[in-house]
Amino acid sequence: MPSFKLDDKEIPFEAGDTIIRAAHRVGVDVPHYCWHPGLSVAANCRMCLVEVMPPPGRPAMMLDVLAWDELHQTYVPQKKPKLQPACQQAAADGMVVKSQTSEHAVKARSAVQELLLLNHPVDCPICDQAGECRLQDYWLEHQASKKRMKDEPVHKPKGVVFGPTIVYDAERCIMCTRCVRVSAELAKDPVLSMRERGNLNEITVAPGRQLDHDYTLMTEYVCPVGALTSSDFRFKARVWFLRSARSVCTGCATGCNSFTDFDPRNQKVYRYRPRENAAVNKYWMCDEGMLDYQRIHQDRVLEARVQGEGVSDSVALAKAAELLQSAAPQKTAILLSAQHSNEDNVALLDLAKALGALQLFYTGKAPGKGDDILMSEDKNPNTAGVLALTGGKAKPFADLVSAIKEGKVGALIALGSAIGNPNEASALKDVKSFVALASHDGPIAGSAAVVLPTSSWAEADGTFVNRLGLWQESDRAITPQGASRPAYRWVQELAKTLSLVLPWKKVAELRAASNKGTEPSAVATPSVAPPTGAQ
């Protein structure tokens with residue numbers, strides 16, 4: 001593979017790579033604001049300037065400049081090499097590039113950083129980007145000097161509502177145009193543009209429009225400073241208090257790789273962020289997925305119930321066992337969930353085998369909006385997993401409704417909370433021996449004689465199979481809320497109460513069984529949550 005030297009380090013590159021892309025791929029940082037690996041090159045921030053050494057025997061391209069002579073208190077003419085933006089300069093085999101080792105590049109970055117901060121408000125204490133702001137990081141790394149300009153900074157509009165999800169502060173904006181390119185290139189909706197020139201520049205929304213496409217939160221995510229803020233996250237948490245778990249978005253069948261950011265002090269999830277995976281979602285997530293974290297804390301079932309009344313776990317388990325023991329195996333139905341992990345579904349399948357129940361069905365959320373970017377019409381993260389685990393034998397919820405009406409179901413064990421068609425939920429009330437393992441209130445929990453509170457996807461490790469058939473792990477972020485516990489734990493306890501033996505005792509054994517017949521996805525990178533949200 002061809003390579004070039006960057007600060008005396010060999011950097012391999014692929015055809016078409018620029019200097020910064022090749023360096024980024026091997027984890028070498030070239031400072032930048034406007035460049036993003038998933039967007040076109042703008043080359044307007046000039047923070048990534050590097051010195052490209054000329055080939056032997058060829059003179060360097062030099063520029064005439066004026067430098068301040070402190071001794072004589074005057075400007076004197078000097079020459080310096082023409083620096084190149086690393087985001088735009090194509091890599092070539094044998095090229096020698098200086099970044100941190102170039103006196104001229106280091107000085108240029110310091111000047112760029114100072115220019116960007118001339119009119120920037122020093123409102124870090126109230127800025128949501130504080131703690132993950134590149135202006136803060138790069139000031140320490142590449143400037144670390146006091147502000148020299150004493151004039152009143154240029155003032156611009158603040159708190160401008162761009163749309164339902166985004167608020168804009170023009171004074172903080174450094175005009176990197178990442179948000180403009182996200183709208184035009186990712187969302188295919190060029191609703192953002194730049195107006196005025198020089199220090200009067202600001203981002204604006206097209207006349208008569210709002211920033212309201214399905215990827216608006218990506219404009220905030222790629223913003224390297226605090227110019228764009230999310231209405232949902234704004235003023236709610238400080239990032240240095242948050243921790244991150246590697247997770248999979250459960251908003252649809254795409255299974256975007258994500259980070260779940262939570263505060264360990266109150267065990268509350270505050271946001272999702274995309275996690276890079278070239279095989280699934282690259283660098284992005286849709287708004288629907290980014291905001292899906294809200295369900296973790298909404299409408300939760302947090303205690304065991306019998307006939308709608310809160311009871312202890314032991315009482316609920318005893319009542320569930322009583323109902324199931326009185327039912328004939330051939331009339332016992334199992335309702336799996338495309339919202340739940342492989343582990344939860346396999347545990348329930350094993351209980352079904354132990355009970356001799358042969359009627360298998362599955363449920364999940366109703367289809368919704370899809371696109372040709374990331375959003376899937378299937379709003380369930382594990383439909384493919386449920387069908388693979390049952391060999392395609394599990395039938396949709398509508399078939400369960402028919403079986404109930406025909407008197408074929410005397411007992412039902414249901415996993416999950418969602419039903420595609422709420423109009424069909426009334427049939428569940430006809431099942432007297434109905435045990436539900438539910439994480440959220442809804443038609444399933446509302447119809448069951450016994451409800452066992454299950455953990456959400458954020459409260460348990462789990463695996464999901466996306467629409468491409470890729471097996472992906474999602475790590476637990478927070479501890480189970482209330483009296484909830486992972487569904488497979490309830491199944492294990494229920495089996496003990498029924499004096500049944502399941503083919504697994506440990507979670508590792510259950511996971512091994514749940515992953516049979518599926519293939520692991522490409523490893524998502526980075527493997528550890530980065531400390532900043534701006535990529």
Side-chain angles (χ1 to χ4, degrees), residues 31-36 39 42 44-47 112-144 147 149 153-183 192-196 199-205 211 215-242 244 259 261 263 270-274 283 285 287 290-291 529-535:
H32 60 277
Y33 286 110
C34 68
W35 180 79
H36 187 282
L39 300 172
N44 58 10
C45 77
R46 318 309 281 182
M47 194 68 186
V112 168
Q113 184 69 19
E114 184 175 16
L115 175 66
L116 293 176
L117 288 172
L118 284 180
N119 294 303
H120 194 86
V122 188
D123 60 354
C124 301
I126 62 167
C127 180
D128 274 315
Q129 196 77 1
E132 52 185 9
C133 177
R134 295 221 167 161
L135 282 172
Q136 292 176 327
D137 297 339
Y138 286 168
W139 182 85
L140 287 170
E141 294 177 25
H142 303 288
Q143 185 186 352
K147 189 173 184 177
M149 190 184 81
V154 175
H155 294 290
K156 298 180 183 179
K158 299 178 74 69
V160 181
V161 177
F162 270 8
T165 61
I166 298 296
V167 177
Y168 176 61
D169 188 326
E171 287 189 351
R172 298 174 184 167
C173 186
I174 63 171
M175 305 311 298
C176 70
T177 69
R178 280 182 169 190
C179 58
V180 176
R181 285 173 282 154
V182 162
S183 292
L192 297 181
S193 61
M194 198 166 49
R195 70 180 176 197
E196 301 297 345
N199 61 7
L200 299 179
N201 264 161
E202 61 183 81
I203 301 297
T204 185
V205 183
L211 181 60
Y215 297 86
T216 63
L217 291 174
M218 284 297 91
T219 66
E220 181 272 335
Y221 174 70
V222 301
C223 181
V225 296
L228 295 177
T229 51
S230 160
S231 302
D232 176 71
F233 184 71
R234 188 175 170 89
F235 304 139
K236 289 185 178 176
R238 281 304 194 184
V239 297
W240 49 79
F241 292 129
L242 302 183
S244 298
F259 287 115
D261 291 345
D263 192 326
Y270 282 92
R271 66 179 182 180
Y272 278 163
R273 288 183 291 120
Y283 314 95
M285 285 177 67
D287 287 0
M290 290 277 280
L291 296 174
T532 65
Q535 297 299 299

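Predicted, not measured: the structure shown is a model, and the values here were computed from it.
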Is [Y] close to [X] at the side-chain level, that is, under 4.5 Å between some pair of heavy atoms?
X: Pro224; Y: Ile174; value: yes
X: Val225; Y: Cys223; value: yes
X: Ser193; Y: Thr204; value: yes
X: Pro274; Y: Phe259; value: no
X: Val160; Y: Val167; value: no
X: Pro121; Y: His155; value: no
X: Tyr138; Y: Val112; value: no

Worked verdict on Asp123 versus Arg172 for salt bridge (Lys or Arg N to Asp or Glu O under 4.0 Å) | CA-CA 9 Å; Asp123 60 354; Arg172 298 174 184 167; 3.0 Å; yes
To the closest 0.5 Å, what do you measure between [atom1] ([X]) and [atom2] ([Y])?
X: Gln129; Y: Asp169; atom1: CD; atom2: CG; result: 12.0 Å
X: Cys179; Y: Ile203; atom1: SG; atom2: CD1; result: 4.5 Å
X: Cys34; Y: Arg46; atom1: SG; atom2: CZ; result: 8.5 Å
X: Leu116; Y: Cys45; atom1: CG; atom2: SG; result: 7.5 Å
X: Asp232; Y: Asp287; atom1: CG; atom2: CG; result: 10.5 Å
X: Met218; Y: Leu228; atom1: CE; atom2: CG; result: 12.0 Å

For [X] and [Y], which heavy atoms make the closest approach, and how far apart are they?
X: Gly226; Y: Cys127; result: CA-SG, 3.8 Å
X: Asn201; Y: Arg195; result: ND2-O, 3.2 Å
X: Leu117; Y: Gln143; result: CD1-OE1, 3.5 Å
X: Ser230; Y: Glu220; result: N-CG, 3.6 Å
X: Thr177; Y: Ala42; result: OG1-CB, 3.9 Å
X: Ser231; Y: Pro164; result: OG-O, 3.8 Å

Walk me through it: do Leu135 and His120 pass the test side-chain contact (heavy atoms from CB on, under 4.5 Å)?
-> CA-CA 10 Å; Leu135 282 172; His120 194 86; 3.3 Å; yes
Can any side-chain N or O of [X] pair as donor or acceptor with the backbone N or O of [Y] at less than 3.5 Å?
X: Glu114; Y: Trp139; value: no
X: Asp261; Y: Leu242; value: no
X: Arg134; Y: His32; value: yes
X: Arg178; Y: Tyr33; value: yes
X: Gln136; Y: Gly131; value: yes
X: Glu202; Y: Met194; value: no
X: Lys156; Y: Asn199; value: yes
X: Lys236; Y: Tyr270; value: no
X: Arg181; Y: Leu39; value: no
X: Asp128; Y: Thr229; value: no

Kindly assign one of parallel, tilted or perpendicular to the pair Tyr283 and His36, based on the angle between their ring planes and the thresholds 30° and 60°.
-> perpendicular
CA sep, side-chain torsions, deciding dist, call: Arg271, Glu132, salt bridge (Lys or Arg N to Asp or Glu O under 4.0 Å) | CA-CA 14 Å; Arg271 66 179 182 180; Glu132 52 185 9; 3.1 Å; yes
Intermediate values then yes/no, side-chain contact (heavy atoms from CB on, under 4.5 Å), Leu217 and Ile166 = CA-CA 7 Å; Leu217 291 174; Ile166 298 296; 4.1 Å; yes
Step-by-step salt bridge (Lys or Arg N to Asp or Glu O under 4.0 Å) determination, Lys158 to Glu171 | CA-CA 7 Å; Lys158 299 178 74 69; Glu171 287 189 351; 3.3 Å; yes
Residue pair Ser183, Leu211: steps toward the side-chain contact (heavy atoms from CB on, under 4.5 Å) verdict = CA-CA 9 Å; Ser183 292; Leu211 181 60; 3.8 Å; yes
Between the side chains of Thr216 and Thr165, is a donor N or O closer than 3.5 angstrom to an acceptor N or O?
-> yes
